[in-house]
Amino acid sequence: MPELPEIETIARGLRPRLEGATIATVNVRRRDYVRCPPPSASAHLAGKRVRKIRRHGKRLQLDLAPDGEITVHLGMSGRLGLEASSATIAKHTHLRISFRGRNLELRLTDPRRFGHVRVRPHRSSESDLGPDALAIRLPAFRQLLSRPRQIKSLLLDQTFIAGIGNMYADEALYEARIHPLRPANSLTQKEIERLYNAIENVLSSAIGNKGASIENYIRPDGTLGTAHFQFRVAHQRNKTCPVCGGPIERMPVRNRGTYFCPACQT
DNA sequence: CCCGGAACCTGAAGGC
DNA sequence: TGCCTTCAGGTTCCGG
């Protein structure tokens with residue numbers, strides 16, 4: 001599923017082709033997926049220019065000129081792609097946007113519909129998201145960990161730090177050798193620094209792999225990426241820890257499969 | 001404030 | 001082959 005690295009990859013792919021483009025038509029197939037004030041998404045968007053494409057956490061944002069914005073959250077199974085206007089429309093396509101003078105459509109598919117799109121006629125500066133996981137500085141990160149909440153639960157809370165999903169939380173905690181259930185405020189300074197560095201490391205190396213493997217990991221379709229081969233604990237059911245050779249364990253944390261090495265993560 | 005659990009949703013995967 | 005169950009997880013909400 002798309003997490004920060006995959007969204008970043010999408011943003012980098014869209015920028016050179018969409019920034020500067022002017023929206024021609026908007027086709028909303030599933031109304032409840034696209035949240036938009038009246039009268040319609042089309043009325044708000046047609047004729048506007050894509051000024052800038054940004055990412056914050058797992059959220060992708062298209063800033064429009066002269067005003068307005070589109071924000072996209074892909075949830076678990078969302079895909080965002082550019083296709084020729086004549087290309088067959090895939091199942092579960094909820095939104096299509098075409099652009100003036102270009103044989104291109106931005107298409108969003110999302111079978112499970114955990115994602116959503118928001119259309120706003122005016123840009124808003126407010127955000128319900130915490131600082132981006134790749135932009136946060138160490139002192140701010142340290143500040144976030146000053147509460148007793150379980151560390152994994154904290155990492156997954158997008159209002160505290162934005163962009164980390166279940167798999168990357170497991171990978172970062174493993175790399176930092178920290179048990180997922182440790183109260184955040186019990187971490188030593190050294191552990192906090194290890195975790196901070198591990199998050200940056202895990203996320204940027206996944207971006208280096210174009211985050212492509214994540215989607216393929218869930219739904220292998222013959223075009224396997226490479227990043228999931230780098231997972232050391234996440235989803236490594238019945239495998240052994242590459243460091244100590246002991247078994248990797250799985251336990252539920254807030255209803256999520258949590259993988260960790262009980263010997264290395266303390 | 002923190003936690004656990006349920007709900008939303010579809011497709012993949014495994015059992016029989 | 002095919003039906004059935006289980007699992008997967010980002011987010012939100014509810015009860016303890």
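Order of the sequence lines sets the chain letters (A, B, ...), proteins ahead of strands, with each chain counted from 1. Just so it is clear, the structure is predicted and the values come from calculations on it, not from any experiment.
- Comparing atom distances between the K91(A) side chain and each of dA8(C), dC1(B), dG11(B) picks out dG11(B) as nearest.
- For Q150(A), the side-chain atoms get nearest to dC3(B) when compared with the rest of dG9(C), dC3(B), dG11(B).
- Closest approach to the P148(A) side chain among dC2(B), dG4(B), dT10(B) is made by dC2(B) (side chain taken as heavy atoms from C-beta onward).
- Nearest-nucleotide positions on DNA chain B place S153(A) closer to the 5' end than the other of R113(A) and S153(A).
- Residue-level contact check: R59(A) touches neither bases nor backbone, having no heavy atom under 4.0 Å from any strand.
- Rounded to an integer number of Å, the gap from R112(A) CZ to dT10(B) P is 10 Å.
- A donor-acceptor pair is defined here as one N or O able to donate and one able to accept, closer than 3.5 Å; no such pair exists between the side chain of T109(A) and the backbone of H92(A).
- Overall bending of the helix from dC2(B)-dG16(C) to dC16(B)-dG2(C), expressed as the angle between end axes built from five pairs apiece, is 50° (10° steps).
- Note: CG (N166(A)) to C1' (dC7(C)) measures 13 Å, nearest angstrom.
- Rounded to an integer number of Å, the gap from CZ of R250(A) to C1' of dC7(C) is 8 Å.
- Atoms OH (Y168(A)) and C1' (dG10(C)) sit 15 Å apart, rounded to a whole Å.
- Checking the phosphate oxygens (OP1, OP2) of dC3(B), a side-chain nitrogen or oxygen of R149(A) falls inside 4.0 Å.
- Scanning for salt bridge (Lys or Arg N to Asp or Glu O under 4.0 Å) contacts around R96(A) gives E105(A), with sequence neighbours left out.
- The CG-C1' distance, from D170(A) to dA8(C), rounds to 13 Å in whole Å.
- R182(A) and L187(A) make their closest contact through NH2-CA, 3.6 Å (heavy atoms, listed as atom of the first residue, atom of the second, distance).
- The CE atom of M167(A) sits 9 Å away from the C1' atom of dG9(C) (whole-angstrom rounding).
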For nucleotides 11-15 of chain C, list the nitrogen or oxygen atoms of the protein found under 3.5 Å from its nitrogen or oxygen atoms, one pair per line.
from, atom 1, to, atom 2, distance (Å)
dT11(C), OP1, H73(A), NE2, 2.3
dT11(C), OP2, K58(A), NZ, 3.4
dT11(C), O4, R256(A), NH2, 2.9

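- Atom CD1 of I161(A) and atom P of dG10(C) are 15 Å apart (whole Å).
- When the ring-ring contact (aromatic ring centres under 6.0 Å, His included) test is applied to F260(A), the partners found at least two apart in sequence or on another chain are H179(A).
- Across all strands, G257(A) comes closer than 4.0 Å only to sugar-phosphate atoms, never to a base (heavy-atom distances).
- For R12(A), the salt bridge (Lys or Arg N to Asp or Glu O under 4.0 Å) criterion is met by E8(A), not counting sequence neighbours.
- Ion pairing between a basic and an acidic side chain is recognised when a charged N comes within 4.0 Å of a carboxylate O; R120(A) and E69(A) show such pairing.
- No side-chain donor-acceptor contact under 3.5 Å links H56(A) to the backbone of A162(A).
- Side chain of R55(A) to main chain of G57(A): a donor-acceptor pair is present (N/O by atom type, distance under 3.5 Å, no hydrogens or angles).
- Note: CG (L154(A)) to P (dG4(B)) measures 14 Å, nearest angstrom.
- Under the 4.5 Å side-chain criterion, counting only non-hydrogen atoms from C-beta, K190(A) is not in contact with E193(A).
- Partners of F141(A) under the ring-ring contact (aromatic ring centres under 6.0 Å, His included) rule, at least two apart in sequence or in another chain, are Y196(A).
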